[in-house]
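Take a look at the structure below.
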Amino acid sequence: MAIQTCRAPRLASGLLGLALGGCGLDSPMTTVLPKSDLGRFSHDLFMNISGWALFIFVVVEALLLFVVWRFRARPGRGEPRPIHGHLGLEMGWTLIPVLIVIAIAAPTVAVVFKTQATPPPTALKVEVIGHQWWWEVRYPDLGVTTANEVHLPVGTPVSLLLKSADVIHSFWVPRLGGKRDTIPGRVNRLTFTVSEPGDYVGQCAEFCGVSHANMRLLVVAQPAPEFEAWVGRLKVPPAPPVGAAAEGLQAFLAGGCVACHTIQGLSPGVVGPELTHFGSRKTLAAGLLPNSPEHLARWLADPPAVKPGALMPKLPLTREQISALVVYLGGLQ
Ligand code: CUA
């Protein structure tokens, strides 16, 4: 089923888009500039319905103003003729709304089915697992795991398998489509194809505890060859650290980090995010801060001060240990 289009709503929705666009809605989490087929389906539907709403508003207001003017009180004029029981009018204002509701309902049902599409067999499977308050990201067919940064190839259908490790979260990257809950004990699916490379900001969209608002993520959409190169890099363990980075490794082992974090070939912790290639990520603390040495030092010194409720406690790390950890973790490329 194709989404129904009509010239009048098209024009109206174009004007509405122009008006909204003027308000700076090209912000990172805008819903009006979709970059996937899924986002485009719901956006087109939204604009279609907005167009109808605008059309109805204009017609009703125009009729209202016309009637007020045409039948206004004037000296010497009696009461207007009552129209109670006027068959043509009664039929008109019953049938026209019915037709408009059908014109809205048909594409709505079509889009509802599209949002529940079965992924094609060629789709790239990506498991996205919500944790309080970060995202685990697994590529079961590629054998790689990361956290808080979902790399996706442009132009390839992707099938997200959404799960939760604790409470209900909701995966939401506004520029790629609607929200979908991650529910403990259940797998929800989200299927779409990204249409343009870029960094798309996401956010947990279901209240999941004190740092719900700090549970962000980044989707990095790349041309297929770049994506494959990224997967290749993830499969290679980082080089053994030297100098200050080697001291950082010692701090990682002594400071308690090993108990919760996985670094391939070093530690198997699963309480916190995988860190094997942490240095190559763009953000830290689940999309909360840019991944820079200053922000990392601030995070390591006192995680709950940056992200209230964070399971990572304020560890008794010395200033020197933090500096060495910043060098070590930053070098995990
Ligand atoms: Cu996770 Cu809100």
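Only this structure's heavy atoms are used, side chains among them; waters, hydrogens and symmetry mates stay out. Just follow the structure's listing: the first ligand is 1, and inside any ligand the first atom is 1.
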Next on the checklist: Does the plane of the ring in W230 sit parallel, tilted or perpendicular to the ring in Y139? Use 30° and 60° as the thresholds.
Outcome noted: perpendicular
Next on the checklist: Angle between ring planes, F55 versus W52, binned at 30° and 60°: parallel, tilted or perpendicular?
Outcome noted: perpendicular
Checklist entry - Who passes ring pair (Phe, Tyr, Trp, His ring centres under 6.0 Å) against W299, sequence neighbours left out? => result none
Item to check | With sequence neighbours excluded, residues passing side chain to side chain donor-acceptor pair (under 3.5 Å) with D302 | outcome: none
Checklist entry - How far does CD of Q132 sit from OG of S164, to the nearest 0.5 angstrom? => result 8.0 Å
Checklist outcome for this item: By side chain to side chain contact (heavy atoms under 4.5 Å, CB included), S195 pairs with (sequence neighbours left out) K35
Checklist entry - What protein N/O/S atoms sit under 2.8 Å from atom 1 (Cu) of ligand 1, by chain and number? => result H169 ND1, C204 SG, C208 SG, M215 SD
